[in-house]
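In this text, all values refer to a predicted model and were calculated from it rather than measured experimentally. Note that these values count all heavy atoms, side chains included, but never hydrogens, waters or copies made by symmetry. Chain letters run A, B, ... following the sequence lines, proteins first, then strands; residues in each count from 1.
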Protein chains: 2
Amino acid sequence: MARRGSYAKGIAKREEILNTALAIVARVGYSRATVRELAQAVGLSQTGLLHYFGTKEQLFIEILRRRDEVDGQVLDGVATTGGGPLDLAKAVTALQRRNTQVPGLVQLYSRFSSEAAEPGHPAHDFFRDRYRSITSGGASAISEQQQDGTLPADLDAERLAVIVFALIDGLQSRWMYDSEIDMADHLAYFWSLLGKREAAAEDEGEQGTRPTAPAQPPSHTW
Amino acid sequence: MARRGSYAKGIAKREEILNTALAIVARVGYSRATVRELAQAVGLSQTGLLHYFGTKEQLFIEILRRRDEVDGQVLDGVATTGGGPLDLAKAVTALQRRNTQVPGLVQLYSRFSSEAAEPGHPAHDFFRDRYRSITSGGASAISEQQQDGTLPADLDAERLAVIVFALIDGLQSRWMYDSEIDMADHLAYFWSLLGKREAAAEDEGEQGTRPTAPAQPPSHTW
DNA sequence: GTCTATATATTGATAGAC
DNA sequence: GTCTATCAATATATAGAC
């Protein structure tokens with residue numbers, strides 16, 4: 001993109017828009033999140049908003065990217081076992097619990113990803129890459145935990161990673177129809193079925209956001 | 001609905017439309033499955049098609065109902081262990097393998113169900129009820145297998161049922177982005193993690209449609 | 001029952017002024 | 001950078017003839 005005018009200001013405004021849009025979508029969901037509606041919510045005209053993102057799809061992609069970033073930061077503070085490897089069970093369970101608070105985002109993800117499944121869709125590559133990324137990241141985490149002894153060594157890390165993230169998606173789809181079902185609880189139960197488990201079991205009840213380790217460990221960007 | 005004119009003929013035509021539409025959608029997917037397109041495919045005008053189903057949503061609901069019926073019939077011939085209870089692992093694995101052959105239907109299900117997650121959507125109740133139905137059916141099957149000894153007795157049948165069907169949905173979402181991943185294989189692997197397993201393991205390789213038992217057992221309509 | 005023609009409603013995108 | 005005004009593309013639904 002050509003940089004003219006106040007470059008820094010443009011970025012800042014973009015950030016501001018993104019954060020607001022993220023909050024709006026989280027509340028009103030996908031259907032009402034038209035470009036017009038979003039523009040109005042951030043105090044811009046439709047054209048003004050599109051000026052920053054070009055198309056609706058690009059805007060939504062950026063929203064989801066931002067969400068992933070935020071989630072990654074949350075993970076850093078909650079899912080590392082005292083400087084050890086990422087505790088995947090703890091991580092995904094925490095994120096799933098978090099999702100309960102932002103139904104609109106869950107809906108955005110569900111609908112947008114299902115639409116973009118079509119090969120020619122502008123967001124197709126984004127989701128494809130994201131899937132691969134989280135799967136490979138998840139598989140790595142599992143492998144580390146296996147060496148660590150916190151997960152059984154005979155598990156197929158790659159296949160398990162695919163299964164875990166598929167389960168997460170599926171639970172969200174289900175939850176949208178029945179908010180009574182506890183996504184985090186089901187996820188924790190799944191981990192408990194894997195045999196040996198350290199952290200997954202202790203994460204049953206409340207949604208306490210106790211900062212286990214306020215250190216500054218590596219950022220898990222997926 | 002008021003019955004006038006040839007009632008039987010109306011039903012027959014409806015059936016014919018449904019079967020054709022099912023095949024069309026299975027091939028072209030959701031986006032191209034507009035009422036117009038579907039109407040043309042069955043040799044009717046848009047209005048002519050809508051005459052039978054009222055709205056697009058109703059049409060799609062009926063298509064999915066029909067699909068479930070067909071799937072249920074398939075199950076009857078493949079997933080019963082010699083007159084015993086339904087082998088859930090075998091059943092869902094077989095269905096998942098079947099889904100590989102009808103990408104358009106997988107897409108229809110994914111997109112339509114994500115759209116209908118919105119509370120006011122015409123198809124919301126259909127999916128809600130369907131989820132409940134398959135979950136309760138799945139939980140029953142698991143319970144029976146536990147008594148039967150083909151599944152560990154300490155499993156939480158209800159929670160496991162939710163997990164299984166969520167996993168199925170999630171694998172489909174993933175598969176649309178990466179048709180290389182073997183849904184049935186991952187599903188089978190999941191079952192293998194549950195400890196004791198009888199039938200799930202033998203279902204690894206090919207997609208042979210050998211009719212294990214050509215009997216006429218009870219129909220599993222979920 | 002089925003068709004033609006049309007109404008209606010949305011929405012994302014663009015042109016061009018300021 | 002931002003806005004007003006407008007375009008253009010769908011797609012569903014309906015009116016009314018045959």
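In the set dA13(D), dG12(C), dT4(D), dA13(D) carries the atom at the smallest distance from any side-chain atom of Lys56(B). For Lys13(A), the side-chain atoms get nearest to dT2(D) when compared with the rest of dA13(D), dT2(D), dA13(C). Of the candidate nucleotides dG12(C), dT12(D), dT4(D), dG12(C) has the atom lying nearest to any side-chain atom of Val35(A). Closest approach to the His51(A) side chain among dT12(D), dG1(D), dT2(C) is made by dG1(D) (side chain taken as heavy atoms from C-beta onward). Side-chain atoms of Glu57(B) lie closest to dA13(D) of the nucleotides dA13(D), dA13(C), dC3(D).
A distance of 8.0 Å separates CG in Asp68(A) from CD1 in Ile134(A), rounded to the nearest 0.5 Å. The CZ atom of Arg111(B) lies 6.0 Å from the OH atom of Tyr30(B); values are rounded to the nearest 0.5 Å. Taken to the nearest 0.5 Å, the CD1 atom of Ile168(A) stands 11.0 Å off from the CG atom of Leu167(B).
Ion pairing between a basic and an acidic side chain is recognised when a charged N comes within 4.0 Å of a carboxylate O; Asp185(B) and Arg159(A) show such pairing. Under a 4.0 Å N-O distance rule, the pair Asp169(B)/Arg174(A) does not qualify as a salt bridge.
At whole-Å resolution of the value, CG in Leu50(B) and C1' in dT6(C) are 15 Å apart. Remark: P of dG1(C) and CG of Leu44(B) are 12 Å apart, rounded to the nearest angstrom. Leu49(A) has its CG atom 14 Å from the P atom of dT14(C), to the nearest Å. Following rounding to the nearest Å, Glu115(B) (CD) and dT10(C) (P) show an atom-to-atom distance of 16 Å. In this structure, the CD atom of Gln40(B) is 15 Å from the C1' atom of dC3(C), given to the nearest Å. Following rounding to the nearest Å, Arg14(A) (CZ) and dT2(D) (C1') show an atom-to-atom distance of 17 Å. If you measure from atom CG of Leu38(B) to atom P of dA11(D), you get 12 Å, rounded to the nearest angstrom. In this structure, Gln46(A) places its CD atom 11 Å from P of dC3(D), rounding to the nearest Å.
Among the atoms of the strands shown, only primed sugar atoms or phosphate atoms (P, OP1, OP2) are found under 4.0 Å from some heavy atom of Thr34(A).
Side-chain to base pairing of Thr47(A) with dT4(D): one donor and one acceptor N or O lie within less than 3.5 Å of each other.
Positionally, the nearest nucleotide of DNA chain C for Arg36(B) lies more toward the 5' end than for the other of Arg36(B) and Gly54(A).
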